[in-house]
Amino acid sequence: MKKLDMLYEGKAKKIYKTGDPEVLIVEYKDDATAFNGEKRGAISGKGVINNRMTNYFMRLLEGCGIPTHYIEELSDRETAVKRVDIVPLEVIVRNISAGSFAKRYGVKEGIVFKNPTVEFSYKDDALGDPLLNTSHALALGLAAPEDIALIREYVTQINHFLKSELSECDVTLVDFKVEFGKLTGGKIVLADEISPDTCRFWDTKTGEKLDKDRFRQDLGNVEGAYAEIARRLGITV
Ligand code: TMP
Ligand code: ASP
């Protein structure tokens, strides 16, 4: 499969057209941003890890009955995916308080929730991805009620599968963000990525942060944390 024109360049990935209008190629970059692009940098080798880890999780989830956009890993940074229209919602599941939840509600990090929370942000960089509820999403016409219901079902299952996979290598899944898209024909599938950029992973024994918070908070050893998560999952990079 050959990359043709670049369709879009985001903060962490480039998307290319292919000869098939229903197939795109994603290329993962080492670039990293935080705080809606205010903080910029690079995490050496991140593109390779995020590509391989996303594909590892997408294959796992497909096997568990979650439809995804994944087609085939093409190289260490490139993957063929099905073309989708992205549903403009960032869907965040939280098992433990951290990040914007802790800040918004004035609580410490590390509170283990009895039940996971599901929240939506409106995917719009110019607005700073504002938090919204289901009725806001419906009022804005961002998705149909049945799409939102299905997305809630999928993320609950995704949380369950990822949590149990990670717990086997002593990693606690604190929270994560996923995105969904619509295939031609309207079927909803999991899209985008699942990586240390989009999840919070804590070492279960030591509580050490093994994700992009090391970059966001200047904790050091960012590359080492990404490599450690890959190593524990048995992903060779
Ligand atoms: P938050 O606590 O900053 O809202 O982040 C919740 C989760 O979403 C966390 O695992 C990191 C991920 N995330 C993204 O993938 N992209 C983003 O732009 C932000 C702000 C968070
Ligand atoms: N995606 C965020 C940004 O817009 C970074 C993050 O906090 O993950 O820069």
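Counting starts at 1 for both ligands and their atoms, in listed order. If you're wondering where the values come from, they're calculated on a predicted model, not measured in any experiment.
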Practice prompt. Please report the C-alpha distance between R94 and S100 in whole Å, then the side-chain angles of each, then the deciding distance to 0.1 Å, and finally whether the side chain to side chain donor-acceptor pair (under 3.5 Å) criterion is met.
Written response: CA-CA 11 Å; R94 301 179 192 268; S100 69; 3.1 Å; yes

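Looking from atom 7 (C) of ligand 1 to the surrounding protein, the closest heavy atom is D175 OD1, 3.7 Å. Of the protein's heavy atoms, K177 CE, 3.8 Å lies nearest to atom 16 (N) of ligand 1. Summary of contacts: the protein heavy atom closest to atom 21 (C) of ligand 1 is R216 NH2, 4.2 Å.
Below 30°, between 30° and 60°, or above 60°: for Y154 and F180 the angle between ring planes is below 30°, a parallel geometry.
Distance screen at 4.0 Å: atom 9 (C) of ligand 1 has a protein heavy-atom neighbour inside the cut-off. Distance screen at 4.0 Å: atom 19 (C) of ligand 1 has no protein heavy-atom neighbour inside the cut-off.
When each atom of ligand 1 is checked for a heavy atom of C199 under 4.0 Å away, the hits are 10 (O). Those atoms of ligand 1 with a heavy atom of G99 less than 4.0 angstrom away are 2 (O). Of all the atoms in ligand 1, the ones that sit under 4.0 Å from a non-hydrogen atom of T198 are 10 (O), 12 (C), 15 (O). Close approach of ligand 1 to F176 (heavy-atom distance below 4.0 Å) involves ligand atoms 10 (O).
A salt bridge between K3 and D5 is absent, with no side-chain N of the basic residue lying under 4.0 Å from a carboxylate O of the acidic one. Between R59 and E62 there is no salt bridge, since none of the side-chain N atoms of the basic residue sits less than 4.0 Å from a carboxylate O of the acidic one. A salt bridge is absent between E38 and R40; no separation between the charged side-chain nitrogens and carboxylate oxygens falls under 4.0 Å. With respect to the salt-bridge test (charged N to carboxylate O, under 4.0 angstrom), the residues D31 and K13 do not qualify. Ion pairing of K82 with E22 is absent here, as no side-chain N (NZ or NE/NH1/NH2) approaches a carboxylate O to less than 4.0 Å. Using a 4.0 Å cut-off between charged nitrogen and carboxylate oxygen, E223 and K46 do not count as a salt-bridge pair. With salt bridges taken as basic N to acidic carboxylate O contacts below 4.0 Å, none links E109 and R200.
Selection from S121, G128, S100 by nearest heavy atom to atom 2 (O) of ligand 1 gives S100.
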Inventory of protein N or O atoms under 3.5 Å from ligand 2 N or O:
{"unit_1": "ligand 2", "atom_1": "4 (O)", "unit_2": "K11", "atom_2": "NZ", "d": "2.4"}
{"unit_1": "ligand 2", "atom_1": "7 (O)", "unit_2": "R216", "atom_2": "NE", "d": "2.9"}
{"unit_1": "ligand 2", "atom_1": "8 (O)", "unit_2": "K212", "atom_2": "NZ", "d": "3.0"}
{"unit_1": "ligand 2", "atom_1": "8 (O)", "unit_2": "R216", "atom_2": "NH2", "d": "2.9"}
{"unit_1": "ligand 2", "atom_1": "9 (O)", "unit_2": "T33", "atom_2": "OG1", "d": "2.7"}
{"unit_1": "ligand 2", "atom_1": "9 (O)", "unit_2": "A34", "atom_2": "N", "d": "3.3"}
{"unit_1": "ligand 2", "atom_1": "9 (O)", "unit_2": "N36", "atom_2": "N", "d": "3.4"}
{"unit_1": "ligand 2", "atom_1": "9 (O)", "unit_2": "G37", "atom_2": "N", "d": "2.9"}

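Residue E90 has no N or O atom closer than 3.5 Å to an N or O atom of ligand 1. Looking at ligand 1, you'll find an N or O of R200 within less than 3.5 Å of one of its N or O atoms.
If you look at D197 next to ligand 1, the close heavy atoms, those under 4.0 Å, all belong to the backbone.
Within 6.0 Å of NZ on K11 lie more than 12 heavy atoms contributed by other residues, nucleotides or ligands.
Heavy atoms of R94 come nearer than 4.0 angstrom to ligand 1 in at least one pair. Using a 4.0 Å cutoff on heavy atoms, V174 does not count as a contact of ligand 1.
Close placement of the F101 and F113 rings is indicated, their centers lying within 6.0 Å of each other.
Figure legend: K39 and F215 shown as a cation-pi pair, the cationic atom lying under 6.0 angstrom from the six-membered ring centre and within 45 degrees of its axis.
Of the possible donor and acceptor atoms, none in the side chain of N51 sits under 3.5 Å from a partner among the backbone N and O of G47.
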